[in-house]
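Owing to the predicted nature of the structure, the values given are computational and were not obtained by experimental measurement.
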Amino acid sequence: QVQLVESGGGLVQAGGSLRLSCAASGRTLRNYSTGWFRQTPGKEREFVAGINWGGGSTDYADSVKGRFTISRDNAKNTVYLQMISLKPEDTAVYYCAAARTVVAGRGPNDYDYWGQGTQVTVSS
């Protein structure tokens with residue numbers, strides 16, 4: 001079992017930055033691919049970014065490419081999502097997830113473990 005806890009969300013003005021953290025316990029994240037998703041009320045959970053189990057390959061949704069960066073610190077067993085140039089449409093609850101796969105998938109069903117989420121609100 002992997003337990004995931006997100007942190008770092010908050011309220012920020014458009015154009016600002018935030019760094020989300022996802023701390024894992026129970027297992028080492030280096031053996032899992034990990035991803036970040038986001039969800040707004042009434043909408044499906046959407047893929048934001050993923051990093052494969054080796055950490056050498058990343059994937060991003062087109063809407064965040066060039067603004068968001070996913071990374072992992074194996075020593076801290078933590079995955080990060082650095083977000084810059086934030087827009088009001090980035091407002092959502094952000095979730096991290098882990099999968100027992102080599103490659104990080106883009107669908108929620110590709111993942112086995114989920115955190116509880118952290119709210120990100122971007123004001124205009």
Please report the shortest heavy-atom distance between [X] and [Y], naming the atom on each side.
{"X": "Trp53", "Y": "Thr101", "value": "CB-O, 3.8 Å"}
{"X": "Ala98", "Y": "Leu4", "value": "N-CD1, 3.8 Å"}
{"X": "Lys65", "Y": "Tyr60", "value": "CE-O, 3.6 Å"}
{"X": "Tyr111", "Y": "Ser33", "value": "CE2-O, 4.3 Å"}
{"X": "Phe47", "Y": "Gly105", "value": "CE1-O, 3.6 Å"}
{"X": "Leu86", "Y": "Val12", "value": "CD1-CG1, 3.6 Å"}

Results of side chain to side chain contact (heavy atoms under 4.5 Å, CB included) for [X] - residues two or more places apart only:
{"X": "Glu89", "answer": "Lys87"}
{"X": "Lys43", "answer": "Thr40"}
{"X": "Thr28", "answer": "Arg30, Asn31, Asn77"}

May I ask whether [X] and [Y] are part of the same hydrophobic cluster, defined by side-chain heavy atoms of I, L, V, M, F, W, Y residues being less than 4.5 angstrom apart, directly or through others?
{"X": "Tyr113", "Y": "Val103", "value": "no"}
{"X": "Val64", "Y": "Leu18", "value": "yes"}
{"X": "Met83", "Y": "Trp36", "value": "yes"}

Applying side chain to side chain donor-acceptor pair (under 3.5 Å), can you list everything that pairs with [X], at least two apart in sequence or on another chain?
{"X": "Asp59", "answer": "Arg106"}
{"X": "Arg19", "answer": "none"}
{"X": "Glu46", "answer": "Arg38"}
{"X": "Asn74", "answer": "Arg72"}

Assess whether side chain to side chain contact (heavy atoms under 4.5 Å, CB included) is satisfied between Tyr32 and Val2, documenting all intermediate values.
-> CA-CA 10 Å; Tyr32 295 80; Val2 178; 3.5 Å; yes

Disulfide (SG to SG under 2.5 Å): which pairs involve residues 31-62, sequence neighbours left out?
-> none

Residue pairs meeting disulfide (SG to SG under 2.5 Å), one or both in residues 36-92, sequence neighbours left out, come to none

Validation row: Phe68, Asp90 side chains within 4.5 angstrom (heavy atoms) = yes

Side chains of Leu81 and Tyr94: does their closest heavy-atom pair fall under 4.5 Å?
-> yes

Gap separating the CD atom of Gln82 from the OG atom of Ser17, nearest 0.5 angstrom | 6.0 Å

CG (Asp112) and CZ (Arg100) are apart, to the nearest 0.5 Å, by 4.0 Å

Which side-chain N or O atoms in residues 117-124 pair as donor and acceptor under 3.5 Å with protein atoms at least two apart or in another chain?
from	atom 1	to	atom 2	distance (Å)
Thr118	OG1	Gly9	N	3.2
Gln119	NE2	Ala92	O	3.4
Gln119	NE2	Thr121	OG1	3.3

With a cut-off of 3.5 Å and sequence neighbours excluded, list every side-chain donor-acceptor pair involving residues 20-27.
from	atom 1	to	atom 2	distance (Å)
Ser25	OG	Gln3	OE1	3.4

So, Asp73 side chain and Thr78 main chain: donor-acceptor pair closer than 3.5 Å or not?
->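 Pair absent, no side-chain N/O of Asp73 close to backbone of Thr78.
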
Just by modelled atom types, is the Ala104 backbone N or O under 3.5 Å from a matching donor or acceptor in the Asn52 side chain?
->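 Not at all, since once roles are kept as given, no pair shorter than 3.5 Å links the two residues.
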
Ring pair (Phe, Tyr, Trp, His ring centres under 6.0 Å) against Trp114, all qualifying residues, sequence neighbours excluded |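 Phe37.
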
Show the numbers, then the answer: is there a side chain to side chain contact (heavy atoms under 4.5 Å, CB included) between Arg45 and Tyr95?
-> CA-CA 9 Å; Arg45 197 165 293 190; Tyr95 299 88; 3.5 Å; yes

